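What you see is a predicted model, and the numbers here were worked out from it, not measured in a lab. The basis for the numbers below is simple: all heavy atoms, side chains too, and nothing from hydrogens, waters or symmetry mates.
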Amino acid sequence: MFNSLSDRLTATFKNLRGKGRLTEADVDGTVREIRRALLDADVAVPVVREFTAAVKERALGADVSQALNPGQQVVKIVNEELVTILGGETRRITMAKYGPTVIMLAGLQGAGKTTLAGKLAKHFKSQGHTPLLVACDLQRPNAVKQLQINGERAGVPVYAPHPGVSSEFEEATGDPVVVARNGVSEARQKQFDIVIVDTAGRLGVDAELMKQARDIREAINPQEVFFVIDAMIGQDAVNTALAFQEGVDFTGVVLSKLDGDARGGAALSVASVTGKPVMFASTGENLDDFEVFHPDRMASRILDM
Amino acid sequence: LSQDKIDDDVWDEIEETLLLADLGTEPTLELVDNLKRRVKVEGSRDPEQVRRMLKEELLALVDPTMDRSLADDRHDGRPSIMMVVGVNGVGKTTTIGKVARVLVAEDKDVLLGAADTFRAAAAEQLATWGARVGVPTVKSDIDGADPASVAYEAVKAGIDQEVDVVMIDTAGRLQNKVGLMDELGKIKRVVEKLAEVDEVLLVLDATTGQNGLNQAKVFSEVVKVTGIVLTKLDGTAKGGIVVAIQRQLGVPVKLVGLGEGPDDLAPFDAQGFVDALID
Ligand SMILES: Nc1nc2c(ncn2[C@@H]2O[C@H](COP(=O)(O)OP(=O)(O)OP(=O)(O)O)[C@@H](O)[C@H]2O)c(=O)[nH]1
Ligand SMILES: Nc1nc2c(ncn2[C@@H]2O[C@H](COP(=O)(O)OP(=O)(O)OP(=O)(O)O)[C@@H](O)[C@H]2O)c(=O)[nH]1
Ligand SMILES: [K+]
Ligand SMILES: [Mg+2]
Ligand SMILES: [Mg+2]
């Protein structure tokens, strides 16, 4: 399990065997290596700072174990801390007690929301639920059509009273907040038990669009608001996550494009600064490429092990 | 509030600024080392002066002298051929719409080719952009058609119609997917039966972290990238990964994306980019 980072750490500990406890000097070199590994994995600078301080503290107090060399021992501590921040056990989706369960998706442009909407729809349908998709992105060209095609592929109907921007309709018509509200009413009337609301991509600094997202949230009172974030994101993960936390107050995180080779340090950044659990991983462009998030696998991936 | 010496806090702050801009650990450490050396040699004592030096070093890395123009003129009796490539969701299709808008404003005839036959509604999205900026789009009516054939048809139509520029949109693909990268290589090879591809633009999302370097490496290997478009710079991300990309691969950033509208495109400005990186 422990190679690469562990090997490098083992090298920094060469002269250490036989000592009873790890000293400050021993640990400093290690912490430098860990810091480097986390930064290379795109974990955000302030999160790295906090994290390495916590690891240092734990490592300093630790007895040198018989079974592991000191390098491995520190990596074990790092791994445990990572898993803890990443959420330990995964939480399940909160379902409504009465009426349909409403799930809203939000995130930056191109993060993978519309694709995820299709994935969730298909997933719930296969579990015997009756989901309805709601098309609230009236702004990105052909976003409504994209959701309709995903709905078709998932075998799930799409509530789309407005076509959004397309070659026939140059200007956006309709109000996303109204569409969201009516979509949920429609689901209630026609007895769908899950509503998945796709929204337009928006930047954390776009106050107007962020307010629109908040208005959608207030209009539909969702059980879950998923913040969809691209696993390739770098240091901006913190700004963005905090902006969406304040803007729409999301309840869970979905990490997308994990089928790539990015190390995905954003998972740690977002979980750490928002305290919200990463619930799912999106792992491809097809509607089946979707799984429960595994904190332990993510920890290994971030550490490149 | 200038101190009379450059202490560790100043160095730490500089290092953090660079890391926070996604410059990456290696370029950051190298830059800081260079600066330390310069400070020692030049005997600087003012943190402000060190910041100025930092800007100079960064600017030298970003290299304002690079040729960042687009190959967008007809030549040898045929149109200029551009391909737009990159990972999923970075802004390829949108960028094509914006570039086409600029070309149209320069009185050029442009034709778009919808070689993303995979993603839901991708061809429609490109055609909407085409309609928006007043240029036609060649697309297939068949879902999942062979992207290389669509690209070929678009280039053929562009040659027959004697347009100035043909722009080919491709599906987003992650660079670690060998099959999809092979497909991209094939699109280019098939097009080159008709005409050499003059410009391969790699679209890179400014929020991208260290993976951006891998993206640039692999796409360059497969389709020989000639320029980068750095999108979504209207957000809080700085796009510092392009510094490492330019340095390692010598591929210049040519354009930047600054929003979702048709006019939200600008030429890359090295000085402005460096200023934004560290402010
Ligand atoms: N490889 C991979 N691609 C993905 C994944 N999720 C989404 N995509 C792709 O990423 C691109 C953007 O996905 P969308 O679902 O359109 O993203 P979005 O957040 O709805 O985008 P906007 O509505 O424009 O903000 C598309 O090419 C998708 O096919 C994933 O998990 N892995
Ligand atoms: N804020 C901002 N959004 C942008 C910019 N460029 C593109 N976008 C948005 O990013 C999202 C994805 O853009 P697309 O052009 O569909 O990206 P793509 O690379 O073609 O995506 P795929 O074909 O699915 O891989 C859309 O919501 C665009 O409106 C930009 O410069 N700034
Ligand atoms: K992205
Ligand atoms: Mg979408
Ligand atoms: Mg596209």
Side-chain angles (χ1 to χ4, degrees), chain A residues 35-36 39-46 48-49 108-112 114-115 118 139-150 152-153 165-170 200-201 203-206 230-240 243 256-257 259-266 284-285, chain B residues 15-17 19-26 28-29 87-94 97 118-132 137 143 171-177 180 205-212 214-215 218 231-232 234-241 259-260:
Chain A
R35 175 172 186 266
R36 176 73 190 260
L39 287 170
D40 287 345
D42 289 320
V43 179
V45 171
V48 172
R49 200 190 298 123
L108 290 178
Q109 287 92 347
T114 306
T115 309
Q139 141 197 339
R140 167 183 163 167
N142 302 84
V144 173
K145 183 76 194 291
Q146 185 190 359
L147 188 71
Q148 282 169 327
I149 293 174
N150 282 337
E152 219 168 274
R153 291 180 183 164
V165 173
S166 65
S167 21
E168 297 83 37
F169 305 94
E170 266 290 308
L203 295 171
V205 284
D206 190 332
D230 188 323
M232 293 178 275
I233 194 171
Q235 296 291 322
D236 197 50
V238 167
N239 292 330
T240 296
S256 67
K257 307 181 199 171
D259 47 323
D261 56 10
R263 299 262 296 279
E285 296 191 71
Chain B
E15 189 185 296
E16 282 206 354
T17 307
L19 289 172
L20 281 169
D22 288 313
L23 217 74
T25 50
E26 220 175 275
T28 295
L29 296 180
V87 300
N88 306 85
V90 286
K92 294 175 291 299
T93 307
T94 306
F118 181 75
R119 212 211 62 210
E124 289 90 337
Q125 183 192 357
L126 185 71
T128 297
W129 269 104
R132 225 180 218 185
T137 302
D143 224 12
R173 66 199 77 221
L174 299 178
Q175 73 279 3
N176 61 332
K177 308 248 163 130
L180 294 180
D205 183 327
T207 60
T208 313
Q210 299 309 299
N211 192 250
N214 266 357
Q215 293 173 23
V218 179
T231 56
K232 310 187 193 175
D234 46 327
T236 38
K238 311 273 189 169
I241 190 64
E260 300 188 74

Testing the basics here: between Leu20(B) and Pro46(A), what is the closest heavy-atom pair and its distance to 0.1 Å? CD2-CD, 4.2 Å
Would you compute the distance between atom CG of Asp22(B) and atom CG of Asp42(A) and round it to the nearest 0.5 angstrom? 6.5 Å
Note: vs chain A, highest number of non-hydrogen pairs under 4.5 angstrom among Gly212(B), Ala120(B), Ala21(B), Gly172(B) is Ala120(B)
Heavy-atom closest pair, residues Met232(A) and Val87(B): CE-CG2, 3.9 Å
Over all heavy atoms of both residues, which pair between Arg36(A) and Thr25(B) is shortest? Give the atoms and the distance, please. NE-OG1, 2.8 Å
Taking atom OG1 of Thr28(B) and atom CG of Leu39(A), what is their separation to the nearest 0.5 Å? 8.5 Å
Under 4.5 Å from any heavy atom of chain A - which part of Asp143(B): side chain
Rounded to the nearest 0.5 angstrom, the OG-CD distance for Ser167(A) and Glu124(B) is 8.0 Å
Which region of Leu147(A), side chain (C-beta onward) or backbone (N, CA, C, O), has a non-hydrogen atom less than 4.5 Å from a non-hydrogen atom of chain B, or is it both or neither? neither
Heavy-atom side-chain contact between Lys145(A) and Gln125(B) under 4.5 Å: no
In terms of heavy-atom pairs under 4.5 Å with chain A, which of Gly24(B), Gly91(B), Ala131(B), Ala237(B) leads? Ala237(B)
With the side chain counted from C-beta on, respond yes when Lys177(B) and Glu285(A) share a heavy-atom pair under 4.5 Å apart, and no when they do not. no
Taking side chain as everything from C-beta outward and backbone as N, CA, C, O, which of these in Leu29(B) sits under 4.5 Å from a heavy atom of chain A? Side chain, backbone, both or neither. side chain
Less than 4.5 Å to any heavy atom of chain B: does that hold for the side chain of Arg263(A), its backbone, both, or neither? neither
CG on Asp234(B) to CG on Asp206(A), rounded to 0.5 Å: 8.5 Å
Glu152(A): which residues meet the salt bridge (Lys or Arg N to Asp or Glu O under 4.0 Å) condition with it, sequence neighbours left out? none
Distance-minimising heavy-atom pair for Pro141(A) and Arg132(B): CG-NH1, 4.1 Å
Okay, Asp259(A) and chain B: the region with an atom under 4.5 Å from a heavy atom over there is both
Flag the pair Glu16(B) and Arg35(A) as a salt bridge only when some basic side-chain nitrogen lies within less than 4.0 angstrom of an acidic carboxylate oxygen. no
Just by distance, no angles: are the side chains of Asp40(A) and Gln210(B) close enough, under 3.5 Å, to form a donor-acceptor pair? no
I'd like to verify something: which residue of Leu174(B), Asn214(B), Thr236(B) has the highest number of heavy-atom pairs under 4.5 Å with chain A? Thr236(B)
Have a look at Thr207(B) and tell me which of Asn239(A), Leu203(A), Asp236(A) forms a side chain to side chain contact (heavy atoms under 4.5 Å, CB included) with it. Asp236(A)
Return the CG to CG distance between Asn142(A) and Leu126(B), rounded to the nearest 0.5 Å. 10.0 Å
The salt bridge (Lys or Arg N to Asp or Glu O under 4.0 Å) partners of Glu260(B) (sequence neighbours excluded) come to none
Looking only at side-chain N and O atoms, does Asp261(A) offer a donor or acceptor that is under 3.5 Å from a partner on Asn211(B)? yes
